[in-house]
Amino acid sequence: MIPKTFKEVIDLGDGRSISLETGKLAKQAHGSVEVRMGNAVMLCTVVSSYKPSTLDFFPLTVDYREKFAAAGRYPGGFFKREARPTDGEVLTMRIVDRVLRPLFPSDYKTETQVMIQLMSHDEEVMPDALAGLAASAAIQLSDVPFECAISEARVGRINGEFIINPSRSQLLESDIDMIIGASADSVMMVEGEMDEISEEEMADAIKFAHEAIKIQIEAQLRLAEAFGKKPVREYAESKSDETIEAKVKETAYQKIYDIAKGGHSKRDRGEAFSAVKEEVMALFSEEELAENKDLIKTYYNKTEKEAVRELTLAEGLRLDGRKTDEIRPIWCEIDYLPSVHGSAIFTRGETQALATVTLGTSREANMIDQPTYQGEETFYLHYNFPPFCTGEAYPLRGTSRREIGHGNLAQRALKGMVPSDCPYTIRIVSEVLESNGSSSMATVCAGTMAMMDAGIKMKKPVSGIAMGLISDGERHAVLSDILGDEDHLGDMDFKVTGTEDGITACQMDIKVKGLPYEILVKALKQARAGRLHILEKLTETISAPNEDVKAHAPKIVTKIIPQEFIGALIGPGGKVIQEMQKTSGTTIVINEVDEKGVVEILGTSQEGIDSVLARIESLMFKPAVGETYEVKVIKMLDFGAVVEFLVAPGNEVLLHVSELAWERTENVSDVVNMGDVFEVKYFGIDPKTRKQKVSRKALLPKPEGFVARPPRDDRGRDNRGSRDNRGRDDRKPRENRND
């Protein structure tokens with residue numbers, strides 16, 4: 001018997017709806033929900049162990065997977081099954097994790113796993129916008145401790161009108177693509193890209209999404225109530241000791257405050273804080289440390305956070321001695337690496353990124369093969385964060401989720417400034433060489449300069465800045481260009497990128513509840529001032545893109561040819577195109593678009609590129625009837641000579657022996673020889689032979705006394721008496737021959 005189900009429907013107000021249903025699937029999970037929008041079906045489950053973990057952090061795993069069967073497709077690869085997550089899936093995991101994680105109790109250390117699976121796909125539904133809703137709904141149906149329900153929604157803007165959860169086709173018309181995560185009373189996460197919008201427009205988009213999120217949260221609560229809200233489980237809470245806390249604070253607070261006020265470098269500050277921490281640990285006996293070591297460390301970290309925050313709120317000073325709106329010293333350099341196609345170093349304080357640009361053809365495009373989307377990127381950015389950049393040593397385990405997320409943010413910041421007619425596939429790689437906060441924004445700045453150094457005609461240069469916020473409810477301090485230490489002790493950290501005319505991308509994590517929109521707009525405007533300051537430093541180093549690509553970088557020329565010439569350009573078995581690539585030293589790529597051939601020619605030698613263009617022109621050469629052309633003899637035959645049009649090498653035609661001269665020609669070599677160059681007249685297609693006809697004699701004067709041969713009759717025979725008539729003009733008609 002099919003079990004009883006419980007369902008709630010969310011009306012999006014434009015004929016579309018989202019439904020939440022539970023009670024039928026995955027009932028052994030601690031919470032499960034099925035989310036539907038159109039034909040898209042998403043299953044989300046949550047399971048949390050009842051045994052506490054021995055780890056000193058919350059082991060939460062958020063996993064999002066798109067099943068190929070959901071789109072009626074097979075996975076690629078030999079084994080034909082889903083394997084490691086794609087970058088798109090990782091990015092969805094991150095936007096869900098960033099909203100969920102802060103809402104679990106700080107002392108909850110139990111292994112918890114949220115699994116979101118797309119089971120059915122709808123082309124008009126982008127599933128990543130539903131993942132946060134699904135995760136929160138599943139948690140509300142469980143007994144896992146969680147502060148409050150949340151949801152996430154995508155917001156777009158088409159012709160000035162905001163829209164919730166637009167389709168992929170609608171996003172092509174939208175100048176905003178943001179995903180907002182929020183609870184009923186607070187915005188918690190923002191991530192997206194924009195087409196140079198203002199700070200006020202961004203705040204309006206967030207407000208619009210938040211109103212839709214409140215409706216989604218109400219539906220979750222109704223569903224949990226109808227299903228039967230489970231009592232929150234009990235768990236082993238972290239122990240506390242007010243005496244130890246007071247002892248740690250009394251010893252460490254002022255010392256930490258004074259160190260923080262000293263404006264030290266990251267290393268010196270870290271060593272000074274470590275010395276204070278060791279002094280605190282020395283206050284306790286071995287027995288006390290054995291029992292309460294972790295608790296003492298927790299209280300020390302809490303004291304350090306309080307002291308640093310108070311310094312900023314009370315005196316407007318920061319860990320490195322800067323004022324709240326002050327940017328760290330910046331230096332930049334371009335053309336640093338001699339062999340790459342473009343390179344730049346961007347250094348801001350103790351954060352440094354080295355970006356390189358590689359130029360290629362459409363063959364080098366980044367292929368995207370997901371159940372929900374198949375396509376390619378001709379502009380993409382990869383971000384690497386090696387351990388040495390923070391003075392650490394640990395094994396490399398492949399590309400981390402953080403590296404994927406930071407690289408995607410920088411890519412979204414820059415891609416809108418690449419011209420639509422740029423013929424190249426562009427790959428930027430950012431190597432973070434030093435990090436003390438905001439390496440993703442350093443990547444944006446280095447990437448901008450590297451592209452201009454490579455000769456890419458960017459519409460406008462882009463810069464980025466990481467901002468922070470510290471608030472105690474009454475006092476607020478907005479921090480420009482935050483340090484790594486300020487990232488985790490603040491109440492909001494957000495990254496904003498843009499041109500001088502507006503915002504192109506952003507990423508926010510807001511930890512303070514009920515942040516007024518006025519404070520958000522103030523922070524965004526302070527970010528704009530800092531962003532423009534950084535942009536000025538970039539343009540001092542390179543004010544405009546280089547006129548040409550570097551001498552060793554490939555030049556690319558695109559040639560459009562009619563569809564019928566594609567086969568001739570490729571040749572049998574690829575013979576023609578392979579020969580052209582070999583002789584010219586170029587790479588040739590042919591794509592068929594809109595029933596035309598788009599030929600990309602990539603090479604470092606302009607001479608080689610020109611030779612390919614000339615060959616293409618030759619292949620497309622069509623002689624005009626009645627025109628005269630210069631030709632060269634390339635082959636001798638008994639019945640004529642094969643000649644090549646000099647204006648279009650490779651185009652050959654037979655010059656018949658009868659068209660060599662007015663006089664009768666017994667041997668072709670009596671008139672022309674190999675390599676001879678002369679002019680011929682083009683007569684088009686001969687209706688009798690159905691082949692192209694050219695004539696040399698047509699351009700020669702007739703010899704004196706020349707008598708032309710009689711034309712052939714309808715039977716293809718000459719009317720010359722010596723051969724055809726032979727004195728038999730008096731023959732009877734064929735039908736009377738028996739008379």
Side-chain angles (χ1 to χ4, degrees), residues 56-57 84 87 90 94 259 263-275 277-278 301 304 318-320 322 327-358 380-411 413-414 427-450 453 463-466 468 481-489 493 495 507 534 537-538 541:
D56 61 353
F57 60 89
R84 67 177 300 277
D87 285 2
V90 168
R94 280 175 54 84
I259 293 169
H264 302 289
S265 67
K266 178 182 177 181
R267 177 177 294 180
D268 293 343
R269 184 171 60 249
E271 291 175 354
F273 282 159
S274 295
K277 189 173 183 179
E278 290 176 7
N301 292 334
E304 183 180 306
R318 300 161 65 181
L319 285 169
D320 56 359
R322 284 181 293 148
I327 310 298
R328 288 175 287 179
I330 295 171
W331 67 264
C332 312
E333 186 175 341
I334 60 168
D335 199 20
Y336 186 75
L337 300 174
S339 297
V340 302
H341 299 163
S343 63
I345 301 173
F346 177 83
T347 306
R348 185 190 56 244
E350 295 175 298
T351 297
Q352 184 179 78
L354 170 60
T356 59
V357 168
T358 307
Y380 49 101
L381 187 151
H382 293 149
Y383 165 101
N384 296 318
F385 194 86
F388 66 78
C389 71
T390 54
E392 298 174 277
Y394 53 80
L396 298 176
R397 303 294 187 194
T399 307
S400 69
R401 292 186 178 186
R402 179 182 179 278
E403 288 173 309
I404 292 172
H406 279 38
N408 179 69
L409 174 61
Q411 178 175 323
L414 294 170
R427 180 185 184 229
I428 298 178
V429 178
S430 173
E431 303 290 348
V432 179
L433 307 181
E434 294 182 53
S435 180
N436 186 11
S438 188
S439 57
S440 62
M441 297 297 95
T443 293
V444 171
C445 298
T448 291
M449 293 189 295
D453 179 53
S463 64
I465 189 170
D481 182 23
I482 58 174
L483 303 170
D485 291 337
E486 291 172 330
D487 193 348
H488 73 268
L489 62 84
D493 63 87
K495 303 174 179 71
Q507 183 181 93
I534 296 170
K537 295 294 183 182
L538 303 188
T541 303

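For the numbers below, each heavy atom of this structure counts, side chains included, while hydrogens, waters and symmetry mates do not. Residue indices begin at 1 and follow the sequence shown.
- Atom OH of Tyr383 and atom CD of Gln411 lie 14.5 Å apart (nearest 0.5 Å).
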Practice item. Apply side-chain contact (heavy atoms from CB on, under 4.5 Å) to the pair Lys266 and Leu483, showing each step before the final yes or no. Key: CA-CA 9 Å; Lys266 178 182 177 181; Leu483 303 170; over 6 Å; no

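- Listed here is the closest heavy atom pair of Asp453 and Ser343: OD2-N, 3.0 Å.
- For the pair Ile345 and Trp331, the minimum side-chain heavy-atom distance is below 4.5 Å.
- To the nearest 0.5 Å, the span separating CD1 on Ile334 from OG1 on Thr448 amounts to 12.5 Å.
- Between Gly464 and Val444 the shortest heavy-atom distance is N-CG1, 4.2 Å.
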Review point. What's the verdict on side-chain contact (heavy atoms from CB on, under 4.5 Å) for Ile465 and Ile327, showing C-alpha distance, side-chain angles and the deciding distance?
Key: CA-CA 9 Å; Ile465 189 170; Ile327 310 298; 3.6 Å; yes

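- Rounded to the nearest 0.5 Å, atoms CD1 (Ile330) and CZ (Arg348) are 6.5 Å apart.
- In terms of heavy atoms, Thr351 sits closest to Ala442 at CG2-CB, 3.9 Å.
- Atom CZ of Phe346 sits about 8.0 Å away from atom OG of Ser463, to the nearest 0.5 Å.
- Side-chain contact between Asn408 and Asp87 is absent, with no heavy atoms from C-beta onward closer than 4.5 Å.
- The distance from atom CG of Leu319 to atom NE2 of His264, rounded to the nearest 0.5 Å, is 10.0 Å.
- The distance from the NE2 atom of His382 to the OG1 atom of Thr358 is 11.0 Å, given to the nearest 0.5 Å.
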Practice item. Show your working on side-chain contact (heavy atoms from CB on, under 4.5 Å) between His406 and Thr443 and close with a plain yes or no. Key: CA-CA 9 Å; His406 279 38; Thr443 293; over 6 Å; no

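- For the pair Thr390 and Phe385, the minimum side-chain heavy-atom distance is below 4.5 Å.
- With sequence neighbours left out, the salt bridge (charged side-chain N to carboxylate O under 4.0 Å, His left out) criterion links Arg328 to Asp481.
- Considering all non-hydrogen atoms of both residues, Glu486 and Ile482 come closest at OE1-CA, 3.3 Å.
- The two residues Met449 and Ala344 have their closest heavy-atom pair at CB-CB, 3.5 Å.
- Here the side chains of Arg269 and Asp485 are in contact, with some heavy-atom distance below 4.5 Å.
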Practice item. Go through the steps for Leu381 and Leu414 under the test side-chain contact (heavy atoms from CB on, under 4.5 Å), then give the verdict. Key: CA-CA 9 Å; Leu381 187 151; Leu414 294 170; 3.9 Å; yes

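- Other residues, nucleotides and ligands contribute only 12 or fewer heavy atoms inside 6.0 Å of the CZ atom of Arg267.
- What you find for Met441 and Ser438 is that their closest heavy atoms are CB-OG, 3.0 Å.
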